[in-house]
Amino acid sequence: MHGRVKLKSTAQQEEEKRKEREKKLKIYVASRDAIFAKRMEGVLDDEALQLTQQLLSSNPDFATLWNYRREILLHLETVREEDDVQKMYEAELLFLESCLKVNPKSYGSWHHRGWVSARLPRPDWARELGLCDRCLSLDDRNFHCWDYRRMVVKMSGVPVDQELQFTDRLIGSNFSNYSSWHYRSTLLPLLHPESPEPPSPCHQPSHSSPPPSPQTHSHRVCEEQLLKEYELVQNAFFTDPNDQSAWFYYRWLLGRAEREEMISCVFVSREDERVAVAFSRPVNASSSGLMLVLDGQPQRVEWRSVHPHFRHSPVWICELPPGTISDIINEHNLTVHWTEKHTHRDCALYTGRSESWCRDSATDQELFRSELSVEKTSVLQSELQSCNQLLELEPQNKWCLLTIVLLMRALDPLGYERETLSHFQTLKEVDSMRSAYYGDLCSKFMIENTILKMEYAEVRVFSLSDKNLTMLCHLDQLLLVTHINLSCNLLLRLPPQFAMLQCLEVLEADDNAIENLDGLYYLPKLQEVSLKNNQISKLSDLQLLTSCPKLTCLDLRGNPVTQIANIQSELTELLPSVTDLLI
Amino acid sequence: MSVIAAACSRVGQRVLHVDRRNYYAGNWASFTFNGLLSWIEEYKVSLEEEPVVASDEASPASGPDAGAEQTQQEGQEGEVPSQAEETQGGEKEEEQQASPSPAESQPEPKKKITYTKIVKEGRRFNIDLVSKLMFSRGSLVDLLIKSNVSRYAEFKNVTRILTYRNGKVEQVPCSRADVFGSKQLTVVEKRMLMKFLTFCLDFEQHPEEYQDFSEHSFWDFLQTKKLTENLQHFILHSIAMVIPEVCTVEGLRATQHFLRCLGRYGNTPFLFPLYGLGEIPQCFCRMCAVFGGIYCLRHSVQCLVLDKESGKCKAVIDTHGQRISCSHFVVEDGYIGKSERYITFMTRVLPHPGEEESRGPTVLWALYFNMRDTSAVDRSSYDLPSNVHVCASPDTALGSDHSIKLAEAVFRQLLPDEEFCPPAPNPEDIIYDGDGPQGEGPGFEEAAPAEGAGAQGGESAERQEGKEETEGAGDAVTQGAGDEPSPTSEE
């Protein structure tokens, strides 16, 4: 076996490596101790810079050393000429580059670079942009670099259109990149705002003026550009329908209308001498400047939310001083002011009426279309077509299915109800891990549709039985409902929000799996409750019913609670007003 | 071949590698443009044929290697059918200069490439004799990585793949980013293409998709996949790169191979050595030399000496009449003359493919020559002593997998118990004499003087032979069945 090259054995190599490491450690520890000693003494000199440089170049994540360096640099800045300061910081940038090579995701290095760049007397932003480009070409998802780049762009005032081109490039090389798509979503409203007034800056990018701040602009994009974006993102999800990043961007493009903030309903009950107010979003009455004016007189009233759980609630209630509106022959005019939002709503209680309300109905507000878009129907229609085309090719793709459902919601929620339900069925099958999510989402849409139907029919009856409801929502929209039927669903509870049904008289919720009745709290008009075949198991679960003064009928057949000994007498004791008890 | 030489040298065999040419890599060589011109001149001398002036892609006239045959006969030796003298394995070339003048006379605003410019800038590019690329997950790349030979060269990723269709040069969308960015495909086509490619990636998992087509051609199979004509063209010609008639599974396998190679080093499946394919054999030569192999260019073997009883080759006699004993002899098939089929190579200088769509690329200069393709020839068809091994010429495939496979097979015959090209050690892990605890073995240093000696030829070769027999009788002529061969080949 002559003529062979002799090699060191693995053990020999290991031993050498170990020795090498030990040696390094010794040097490292010695330098570290020397640096700490210097810092204790408050020494801010070149030697300290050198020592920290040695350590940081092998371990750039030593945050204390970066802090020390900044102390030294700040000090040296005060004692040196500007040219020297420039040189000093340039050297610092060079050193940082080597650190970034050691660890391209070092928090300390990137932060320090930002700090140095900001202090540099004559910064070379073009060079910094070049560095970011290099770095992103190695890892286009390095968020440290994205952060730093945003800072560089801001400081150097890179024109928005150039930045858009930059995202074009990155998306072109790999469209699976949330950062790039997101960056586009911030740039487009600046470059192609929806309002037609400003001349399109893409033709004549103004280098001198700073980019308009996002706050002063709407977050919408002009239609021409939107159409281009739809095309771009369609290319992405047709190429790879399983990549989420493009779908998320698409959802953003389709838009999300911002609902006007307002008082959506004022309800007044003469008998209870009570006012209930519903808002377009949950508010805190005590901090939002709520004021009640009755017949021109501001009233001192105490607002409470519908349930003690809620400090913020879309529905607030107040009791009027006894006797103020109880005489049936008088007409009263109420105004509720939401001073914080400079808005108000009037409500007249006419002679002979026991209750009155004033509101915008859900249909007037197009409330449930806002989830997706305020885009033109024609645009949404053509997007729906594209997605259907993709679905034909990819019948199992969940992102496509879900987007179609959302588009259908935006276009015609009632007209597409049947298709929506069938898509949800497919979604639950192809993405069984999220079947509960789809169940909840489907429940939400079904509730919205039922509310719409109720509004069109101008009734106060909400009936949604046998629709696989897994949860309840939009209950603030049901403030005026007197009868509700939720039987034969999959509900587990009547949530605290259920207390918003201030006008509710009859509740049917048979054949669910309800085990919790938190929402049956202080419902002043509730008379009948039917909860057959549910999962109510403890007497204490029924405790809250005592707060409903008018409750006379209660059906608890088929619940575990009925198996408790002496249940009849216990219940009679707990709810003396209930005369019709079925167990 | 160089790979075999390197593999043998790496595991401690003595290797003498002779080549009558004055450059490395033989049929695999790369030249600068000027180098190529002188290469042509060199072979023109040996060919008396009239240069056929082919106007375009027309195949050159046949009657190719009469000249080559002649040269081969020079080396005819009574004892053994060994033609040690060889040209490029029977090449015939014609040169054609396609009117460089119009481009010069009518300078357009866009920069034009002209023939004079090519000559002037001839050192700025290389021309490979064989058109091959390296599949980034092909066996050549694997071997380069495994053996650490990759250290000796630099590589680049091919940036894009173009295809010529309907009179236009188009970019082939093959990676995900390409498909996304393609302007030629509709979104539905994009989906269909991606779907098909995704299926090809692990087609073995979905036999139901193609088993009905196992008897049919790949082309027939493609027809059933709802692919537009556009896509069928891309897949067949530019991704699978097969002819329509290949069977379905072969087509799928080719597609799969292409796709698996994508993304390893970039957006296309291909690597190429920065200075031409000729780098690759040279890198293996270097590896061979590092482990003591000896190289002699402009030097060739005249004949073999056979042992009467065993019929084995026991020595070779070089052109100086020098006898060199050996236990194995590896030769490129070009030396033993078996004409098979011919590849036509055409080199065209295209002015900016892809961008110049208004009028197609013009041929500025073209070269036609034939190279014998013996890749499919079985060794047993040669009547050779058992210890003489043959390396085939480059095959027609785009990758080099076939050649690597052959090289490994020859190595297995030579040294069945040795590893094929194990990783070369890092310099710091090598123990030199007196360096390590058991530093008795010969290392690099010994190779160096031997190499110097070898260059002198003649006697020193003899001496070196003796050295080879370190353990036993130092007789240059005796050639036991020892395990140290001196595989010789050209390239």
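Proteins come first, then strands; the chains are lettered A, B, ... in the order of their sequence lines, and each starts at number 1. Just so it is clear, the values below take in all heavy atoms, side chains as well, and ignore hydrogens, waters and symmetry mates.
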Select, from A:E394, A:Q234, A:Q389, the one with the greatest count of heavy-atom pairs under 4.5 Å involving chain B.
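Ranked by contacts with chain B, first place is A:E394.
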Against B:V187, only a single residue in A:N235, A:L390, A:T239 fulfils side chain to side chain contact (heavy atoms under 4.5 Å, CB included); can you say which?
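Of the listed options, the one satisfying the test is A:N235.
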Heavy atoms, side chains only, cut-off 4.5 Å: are B:R176 and A:N174 in contact?
yes
Over 12 non-hydrogen atoms of neighbours within 6.0 angstrom of [atom1] in [X]:
X      : atom1 : answer
B:K156 : NZ    : no
A:E231 : CD    : no
A:E224 : CD    : no
B:H233 : NE2   : yes

Under a 4.5 Å heavy-atom cut-off, does chain B meet the side chain of [X], its backbone, both or neither?
X      : result
A:L232 : both
A:D243 : side chain
A:S386 : neither

Geometric class of the A:F175/B:F180 ring pair [parallel <30°, tilted 30-60°, perpendicular >60°]:
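Aromatic pair B:F180/A:F175 classed tilted.
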Is any residue of residues 188-197 of chain B within less than 4.5 Å of chain A by heavy atoms, and which ones?
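Within residues 188-197 of chain B, the residues under 4.5 Å from chain A are B:V188, B:K190, B:R191, B:M192, B:M194, B:K195.
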At a heavy-atom distance under 4.5 Å, which candidate from B:S175, B:A177, B:S182 has the highest pair count against chain A?
B:A177
To the nearest 0.5 angstrom, please state how far the OG1 atom of B:T198 sits from the CG atom of A:N242.
9.0 Å
